[in-house]
Every structure is written in C-alpha cells, then in structure tokens.
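Below is one structure, written out as structure tokens, with a few remarks after it.
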Amino acid sequence: MAEVSVTEQERPDRDRADDAVIATRGLTKRYRGGQLAVDGLDLTVPAGSVFGFLGPNGSGKTTTIRMLMGLIEPTSGSARVLGLPMPRASRAVLPRVGALIEGPALYGFLSGRDNLLRYDAADPTADPRTRRERVAAALDRVGLAAAGGKKAKAYSLGMKQRLGLAAALLQPRRLLVLDEPTNGLDPQGMREIRSLVRELASDGTTVFLSSHLLDEIEQVCTHAAVMAQGRLITQGAVADLAAGARGRLVVTTPDAGEAARVLKEQGAADVVVDGDRVTAEPPERDLAEVNAALVAARVRVRGFGLERASLEDAFVALTGEGFDVAG
Amino acid sequence: MSRADVRGEPVGESEGAAPSAVPEPGTARAPGPLWSLGLLRSELLTTFRRWRTLALLGVLAAVPVLVGIAVKIETSDGSPVGGGGGGGQGPAFISQVSNNGLFLVFTALAATLPFFLPMAIGVVAGDAIAGESSAGTLRYLLVAPAGRSRLLLTKYATVIAFCLAATLVVVVSALAVGALLFPVGDLITISGTRITYAEGLGRALLIALVVAASLVGIAALGLFVSTLTGSGIAAMATTVGLLITVQILDQIPQLDALQPYFFSHYWLSFADVMREPVYWDDLVKNLGLQALYAAVFGSAAWARFTTKDITA
C-alpha cells in the first residue's frame, strides 16, 4: 500500500525528509538466531504529530523503538532521529528525547523521587542545580507529587507507569517515545495520560506512541503506522487510514429478509442478515433513495445509518487478520 | 571533544523542523566538565544504599569480631594461639594478636582476603551491569543518555570504591575490636624489629590499600562477566565461581607454571609490608598482575558493552 503523505499536502514548500522527526530508510534488524525482527522499514514521523505505532505483539515495534533509541544496532539501513543519524549521534539526540520503553524500570529500593534523581544524573545535559525542582515538577505533572517519597517497590503498576512517564518529562523534549504508556492504568489514569499526551503535543512536542489499543490511537493520534511481521504495512494520517476502509450501511428492521432483497436490488454488495440487523457495503447512489426504496417496499425501518469505519476495520482490511494475532 | 563541538550545529539545523512557536526545548545545555562526577556520585549513592551492599559490609565487619573473640577465649588461660606456628598459607599474625590488638587487623585481612572480600567484590561487580540489565534500568540510563563507555567507567570506579570501602570496613572493625579486647602499643615486625604503634597504624593503612588494590583484578573480571549476561544473579554466581576455581587451582602443585598468572596468587604478599625493610618483590608482582587483569578484562568489558544490543 502506498504511503499517505499528509505533510506534503499540507506544507508543499518543505522537503519531507527535513520535516521528519524520525526517518528510517530500509531499517532492518536480524537477530543472531536468524530471526528477522524488522524488515526494510521506511518510517517517517512528521514533526508536531502524535504518531501512533500499531501492530500485534511480536511485529517488531519494540525492536524498532530500540533501534531508534540507539540500544540496538541495525543490521542494515539507517535511522535518523531529530535529523541526526542514530545510534552515532546518541549523545546529541537523546537528551532531547524522552522515552518510555517496554514499561517502566525502577530501582525498587529507592523512592520515586530518588529514581528520578538518578535518571536525571545520567543525562549529561541536565543541570544539577535545577535537578530537584525539575524532578518535583515531573512528579507533579504525572500526579505522583504525594507519593514521591515512597519506595518504588511499593508502587502499583499504574504508579510505576506514571513514574516512568515522569522520567521522560524531566527535561523539555522535542520528541517523546512512549511504548504502551497506558499499560496497567485504570480508566481514569488512561484518560489522564491521554490528556497529558495531548497537552504535550499542543506544546509542539512530537509524540511517538506505540499501542495495541486501537481506540487509544484513534483518540489521540494524528498519524499512524501499522506493522505486521516486521514490515511496515501502511503509514499516514489517521483519518486517511480509516477512510481507506469503507463504512457499512446498517439497517435495523423486523423485516430483515425483505430489506436484504431491496438492498441488493439497490446495488448494495456483501449483504449480511443478522437477526433484525442487515448490514451491507453501501451502494454508490444517494442513501436517502435507498431508504426511500426500503420504505416503498413496505419494509418497517427502525434504524438506518452508516457505521463509520474504525481503525480496527482498517487494520483488519490491511492485515487480513485479527489484531491480537501474534506475527 | 569533537562530539561536544558537533552538538551545537545540528540543533540549529533541525530547528527549522520544529513548530515555530516552541521555545526550542532541549537546546541542550552543554554538559559541565564535572558531569561524570555527578553520575559517579549517583552510582555510589545507589550502590551503597542497596541492602545487599550493606549486608556484605556487615558480614565483613563481623569477621574481625569473631576472630577477636575466638582469640580472646583461646588465650584467656594464658596459652598462645595455635602453638605460634601458623605453618600453612596464612602469615603467622594470629599468634601475635593477644600481645597487640593491631595484629588483629592483619589477621582479619588474612582471613577475609582469600574468600570473603573477593566474594563481596564479585557480587557487586557481577551485578554492576547485569543487575541494571535484568531490572531494565540499564536501558533508561543509556537513553538518558549516560553513554556506554562512561557508564562502564563509572561502574568500574564504583566497584573499586567498594573494594576500598570493604577493606576499610574490615580494618576499622579489627582496629576497634583489637583495641577493645587486647593491649595495644609498640609492635614487633615479622623481621623481629620493633616499631611504634603510630608506625604500625601507618603500615596497617598501607596494607589496607594494598589489599584493596589486590581486588582490582577480580573487580575487572566481574565487570566483564557482568557485560556478558542479562542476569545479575548469573553474573554474581559466575564471578564467585571463578574465584573459587582459581583459589583451588592455586593449591594444585602441578599447575605451578600457571599459578603466577592467577589473580589471587600474590594476594597474601601484603604481609611483606610488615617486614623490616619492606620486601617489595611480591607486592610489586601482585600490583602488576592486578593492573594486567584490569587492563585485559576492562578492555574486554568495554569491547563487549559498547557493541552489545540492549534487549532487556
């Protein structure tokens, strides 16, 4: 499937490669066992986007993120983050990138605050004079201000996740890489994290968000890429991706059989009857006429409407498989 | 350095890509020259706040107490300890303890150096990288970014600091117990000459430094093992296992051609500091051997760690 480039349409004056916060070319990782984890990835994350990175477990998302962060050396291909080659320019790139990779990792015997102090001390660009204030601000931002003095091993999974996020927010960042940031959070926590992501994005931070929750991607992301079995299947604006899969016409009626006949007559394809629900691929003509035809055929219509295609439909259409199937 | 020079330019170059309204976050402050010390300080704090570290130091502090009490009980009827011989490998310090508490320092070091001290070092060194790896904290340190070479150097410096701390814990505990249970005063060296208590204290300090330096080799070995595995426990067990193996091989007479290359071979040469004049040959051999181990296994650890895929 062709890449859907929104950036070119929106800002034709800009070279796309310059505009990209993350740009990979033919990025490939083959592990020592011979297993191909990532295969020729050409990923472009436009600046200022909230970029959803989707794919079933084992599809190579985390390996990609690790290569982007300089933790894993690619077998071939190149990756540029903030315009600089990785992993060569790690020292220049990574201080401007906040990352949550495969869940939080903490020193259980240290308090939440001391964990952040330690991570901040590992950043060469972090000013030790402002360290305490920045740590306090980060704790406050993720709602851990009151629990900052507690030992991290006493934290719940959700609190650990928040602390991991706080570590990514110790400094102002150009790019945030968040791998499953709402994992382990309760619905309220999920909402908070999503609004935090939106807030950060509105400040101009590019957010690269990997998730297996499609509705999460749909809610917060402007762009998305889908991976399966190490390959990039598609990338582009979320609206375009969802539009790629067409919505379905749904008619609710006690006269389902008759309705199905009329719909076929009206040119609808793939008509499926399920109890009092009839769904079909909408015909090309005006749907008002389709409805009129149903009524004219004395079909008692309870409901008539178009069900918008979700990203999940798009995903299934693209991969031909359910989302949770491991690659 | 070239890396620091490169920094300013690309930031400016990519600035065009940033949304214009943003007050350019992370226009990275150039790291201060002392930044590595900040990382070292954090590393030291983290290491010495672990319960495991404190427990190891506690065990080491207990050894002189046990030895002191044992000697006190043994000599309470006025008889000398062990018939004054001490024939085997250990220096004959123990027989002197009841005469002078300062000898408890040497006795305690001789008792802990073959196993307790290096085991403690092996645990801390083996855990250094592998422990962070198995906890997952390694990836966050590296994306902070601590820098692989710098992190490794910081880890090694911390393990060396722990060598020194562990030795000093034994020395201080032995000094205190020795002064409490036994008379102190002028003492007689192995060569039979008499030195003042103050000079004896100086020698004790020198011995502590020599003993700490003797552990530099196994520290480097442990760090190397630590870069090989993602499991802290496996790294600790391997390092301590290697220690025991080498200690056993060092006792097998048929291997005497190899034994001068075992990191533990000259460990007990610290006793030569108590000769008058100090007999330097074995001491120098020991320090040279430790430097060799540090260089070889330090380089191996560096080569491994800087090219390793961090998948944990």
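Here is the naming used below: chain letters follow the sequence lines, and residue numbers restart at 1 for every chain.
- Between chain A and the residues B:Leu142, B:Thr46, B:Leu39, B:Leu151, the largest count of heavy-atom pairs under 4.5 Å involves B:Thr46.
- Counting all heavy atoms, side chain and backbone alike, A:Ala122 lies closest to B:Ala144 at CB-CB, 3.7 Å.
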Take B:Arg139 and A:Met69 through the test side chain to side chain contact (heavy atoms under 4.5 Å, CB included) and record every step on the way to the result.
-> CA-CA 9 Å; B:Arg139 62 174 184 266; A:Met69 296 293 99; over 6 Å; no
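- Residue-level contacts of residues 130-137 of chain B with chain A, in order of numbering, are B:Glu132, B:Ala135, B:Gly136, B:Thr137; threshold 4.5 Å between heavy atoms.
- A:Ser90 and B:Pro145 get closest at one heavy-atom pair: O-CG, 3.9 Å.
- A 6.0 Å sphere centred on CG of B:Leu66 holds more than 12 heavy atoms belonging to other residues, nucleotides or ligands.
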Where do B:Val143 and A:Leu71 land on the side chain to side chain contact (heavy atoms under 4.5 Å, CB included) test, with the steps shown first?
-> CA-CA 8 Å; B:Val143 301; A:Leu71 293 172; 4.1 Å; yes
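- In this structure, the portions of A:Ile101 lying under 4.5 Å from any heavy atom of chain B include both its backbone and its side chain.
- Of the listed residues (B:Gly147, B:Ser42, B:Ala146, B:Gly38), the greatest number of heavy-atom pairs within a distance under 4.5 Å of chain A belongs to B:Ser42.
- For the pair B:Arg49 and A:Asp114, the salt-bridge criterion is met [side-chain N within less than 4.0 Å of a carboxylate O].
- Ranked by heavy-atom pairs under 4.5 Å with chain B, the first of A:Glu102, A:Arg66, A:Lys29, A:Gln171 is A:Arg66.
- Side chains of B:Tyr140 and A:Leu106 form no contact here, defined as non-hydrogen atoms less than 4.5 Å apart.
- Contact of B:Thr311 with chain A is made through backbone and side chain together, with heavy-atom distances under 4.5 Å.
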Kindly indicate, with the supporting measurements, whether the criterion salt bridge (Lys or Arg N to Asp or Glu O under 4.0 Å) is fulfilled by A:Arg32 and B:Asp309.
-> CA-CA 11 Å; A:Arg32 259 186 301 175; B:Asp309 279 350; over 6 Å; no
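- For the pair B:Leu141/A:Arg118, a side-chain contact is recorded, criterion being any heavy-atom separation below 4.5 Å from C-beta on.
- Rounding to the nearest 0.5 Å places CZ of A:Phe109 at 10.0 Å from CG of B:Leu54.
- In this structure, chain A has no heavy atom under 4.5 Å from any part of B:Arg41.
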